[in-house]
Amino acid sequence: MAYLRQNVWELGGDWADPILWYARGVGAMKALPLAEPSAWRFYGAMHGFLSPLWKELGYLSKTDKLPSSGLQKQFWKQCQHGSWYFLPWHRGYLIAFEATVRAEIVKLGGPSDWALPYWNYFKAGESALPPAFASADWPDGKGNNPLFVIQRYGPNNDGNVYVPLNEVNLNALTDPDFTGVASGGSPGFGGVDTGFMHSGTVHGGLETQPHDYVHGLVGGSNPKNTQQPGLMSDPDSAGLDPIFWLHHGNIDRLWEVWRQNPASHLNPTDPKWLGGPASHGGRAFMMPMPDGTTWTYKPSDMVDLAALGYSYDDYSEAVAVPAPAVRLEALGFTVSAGEKAAGAHIMKAQNSVEMVGATKGAVSVVGTDIATSVVLDKTVRQKVSASLTPGLGKTAPDRVFLNLENVRGTVDSTAFHVYVGIPDGSSPSDHPELLAGSIALFGVRKASQPDEEHGGEGLTFVLEITKIVDKLHIDNSLDVDSLNVRLVPIHEVSKDANVSVGRISIYRQGLSG
Ligand SMILES: [Cu+2]
């Protein structure tokens, strides 16, 4: 059987059949007791589970019977974040979930070829939450619509849920490499090399944007208690929101878009990635299937969509991938026709990573506009400048990355814009060209706890600032001892959220030397 995943906004109506059947299937799963592997909450707990958080959000009560500890150990708390397994693990999770919903739909007399729709918030006119999710009622006006969630607060924490298009981007689609480096350079399209990683530190390119950001802004936080996240804002509750699956459908689709454009984009061939964590001593990826069997999978099983039996209706994101040639010409390099045709290839194999500078200490994030500066090492900064200057024997200009290292805090819905090089006394809003990126702290509470996997080292976000550095260089403003960095939260951050950045650093990534 082949399944076609379609754009939720283009099904031919707010309650077109695929969405109506989704609601019925979700309703059936929600009716099952928590300990049942095809139950809605069981599936949510496979992403993440935290008993006090679930109790606070009304998803766990004293009368609930938990599954056996064997079942919990096998299936719960599996989600892979801050890892090169982020994409393949979630692909399998979606497939198993879709099969489970489909089985419920078929039991209710629905179509046996039902497939999960996806939400492409980037498309014009489609950035708002699909209407079937926004109403407490079924289309006949009766309440109890299982797609509706109260704890979905949106970017302004007022229940109006949409994705602000000027704050999300598809920059990750132009990253030439799937696997990133954990040492300050590109986090890659798909993340950095790790073992089984339920709460990893360095978030990959697509994971940071748009994945984390959409989680944080769709979920938001409870306006009556900003310490309490919406379901989507925290990895331990995200899988409980029916929109989660349509968001991840889009992320999964974007993996395929990256892989297809251009052909030089390749999934990892490292046996450690292909074989998954279980191939080197870690936990296996396992899903309960609706027929009662257990499906164990590894990333190598996830790379061929057709073999997996499903496809998406759209892979058309036009991304200006041959940007390297455009960039070289803007910097004044001569680019041959052959190099232009090679496109992204020119930028490959820049494996030398070196720190250009860092803040002197930690930066505490409180209020609405936090100003700090990164002190630059003169010698390394001059290396960057030299690589950007034609005629000095270098053929590949450096890429430059801003690292927000060890970001800690207690409120996952915290989100902020990061600007680089804003002149003293200027307002960031006057300089959209200096926006390095927007980040949401999806997973920060968990990653900040000393008793979790990494002793509370927090999250690290890596933003490519190559374009900004090129511009500073072209404007002759790169010859400076320090670069201003401004953090502009989308909502005022209170002291009790305890948000801090351990260090802000800048790294160059180039050919060796
Ligand atoms: Cu997610």
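One-based numbering, in listed order, for ligands and for the atoms of each.
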Less than 6.0 angstrom from the centroid, inside 45 degrees of the normal: does R41 satisfy that with respect to the ring of Y59? no
Would E256 and R253 pass as an ion pair if we require N to O under 4.0 Å? no
Do you know the tightest heavy-atom contact between Y85 and W273? CE2-O, 3.7 Å
Suppose the cut-off is 2.8 Å; which protein N/O/S atoms would you list for the Cu ion (ligand 1)? H211 NE2, H215 NE2, H248 NE2
Other residues, nucleotides, ligands: >12 heavy atoms within 6.0 Å of N225 CG: yes
Quick one: CZ on F416 to CD on E167, what's the gap to the nearest 0.5 Å? 13.0 Å
Set of side-chain contact (heavy atoms from CB on, under 4.5 Å) partners for I150, sequence neighbours left out: F148
